[in-house]
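Okay, so here's the structure we're looking at.
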2 protein chains.
Amino acid sequence: MQDPTFLILLALSDRPRHGYGILLEAKELSGGTIRIGPGTLYGALERLEDAGHVELDREEIEDGRPRRYYRLTRRGRGVLVEETQRRENLVGLAKRRLAHR
Amino acid sequence: MQDPTFLILLALSDRPRHGYGILLEAKELSGGTIRIGPGTLYGALERLEDAGHVELDREEIEDGRPRRYYRLTRRGRGVLVEETQRRENLVGLAKRRLAHR
DNA sequence: TATGATGTATCGGTCAACGATATATGGATT
DNA sequence: AATCCATATATCGTTGACCGATACATCATA
């Protein structure tokens, strides 16, 4: 799993969000350094949905425009936790290796 | 930067290694969980060489077979340190977010 | 009036990663 | 003697995530 997908799952970890809300939250989360474009987002959402990691929470219509809210599934949360652990292990490895020269 | 490239730089961080040695070290480093294939390695090495992150250290001939040793450049080390920092930040973010629910 | 924020969506290109395969040698096993 | 495994480098074609650009629509603001 690459960074954008990881960020998307992370943005959904506290509550359901719609697409644009995910983009904003990912930007907010990273302090503005990481920006995900719509081309990345919607492709990733489709893949995550197929994998059963996220699902459609609800669909609202506001001012004639649809807002599709996605939520993390139980399985998606598990995947996110595992991925975080995996990344933590790798970073720990790197830090130890870079420390003692 | 994705995991395989990160692992390759990390494998070269203590001393120069030849291609096959990098594969073994990456496997060792990760406790056997991450395996890099030759198709990934040599493509990545070429890219890293073009970017000036690794360079050819020396070339030995043993039993008629060449062994090409690569070393991390100063710039490559800097990139590795930065990448480690970047990954650490992201993991820290994720852990904090997953902790307080 | 026109710019920017909000909001969803598609399209095509790029490029790292990856599996499979090829070549070659030496040592261990059958 | 033949076969397998480890060593060692390298190429090729495919996949797929990512990404920029673009499109469309509405509303508020300048």
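What you are looking at is a predicted structure, and each value in this text was computed from that prediction instead of being measured. A note on names: the letters A, B, ... follow the listed sequences, proteins ahead of strands, and every chain is numbered from 1.
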**Asked** So is A:Arg87 actually on top of A:Phe6's ring, under 6.0 Å and inside 45° of the axis?
**Response** yes
**Prompt:** Has B:Arg67 got its NZ or CZ under 6.0 Å from the middle of the six-membered ring of B:Tyr20, at an angle within 45 degrees of the ring axis?
**Reply:** no
Quick one: [X] [atom1] to [N] [atom2], roughly how many Å, whole number?
| X | N | atom1 | atom2 | value |
| --- | --- | --- | --- | --- |
| A:Asp63 | C:dT8 | CG | C1' | 14 Å |
| B:Arg67 | C:dT25 | CZ | P | 16 Å |
| B:Met1 | C:dA16 | CE | C1' | 12 Å |
| A:Gln2 | D:dT15 | CD | P | 18 Å |
| A:Ile61 | C:dT6 | CD1 | C1' | 15 Å |
| A:Arg58 | C:dT8 | CZ | C1' | 16 Å |
| B:Leu9 | C:dA17 | CG | C1' | 15 Å |
| B:Arg65 | C:dT23 | CZ | P | 17 Å |

**Request:** Output yes when at least one side-chain N/O atom of A:Thr5 is less than 4.0 Å from OP1 or OP2 of D:dA17, else no.
**Result:** no
**Item:** same_hphob_cluster(B:Val81, B:Val91) at 4.5 Å side-chain heavy-atom cutoff
**Value:**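 No; tracing contacts between hydrophobic side chains, which count when under 4.5 Å, never links both residues.
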**Prompt:** What pairs with B:Arg68 under salt bridge (Lys or Arg N to Asp or Glu O under 4.0 Å), at least two apart in sequence or on another chain?
**Reply:** B:Glu59
**Asked** For DNA chain C, what residues of residues 16-51 of chain A have any heavy atom nearer than 4.0 Å?
**Response**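 Contacting residues: A:His18, A:Gly19, A:Tyr20, A:Pro38, A:Gly39, A:Tyr42.
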**Message:** From the set D:dA17, D:dT9, C:dC18, return the single nucleotide nearest to any side-chain atom of B:Arg68.
**Reply:**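 Shortest atom-to-atom distance from the side chain points to D:dT9.
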**Item:** Presence of salt bridge, B:Arg97 and A:Glu25, under 4.0 angstrom
**Value:**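 Looking at B:Arg97 together with A:Glu25, the answer is yes, because their closest N to O distance falls below 4.0 Å.
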**Message:** Whether B:Arg15 and B:Asp57 form a salt bridge (side-chain N of Lys/Arg under 4.0 Å from carboxylate O of Asp/Glu) is what I want to check.
**Reply:** no
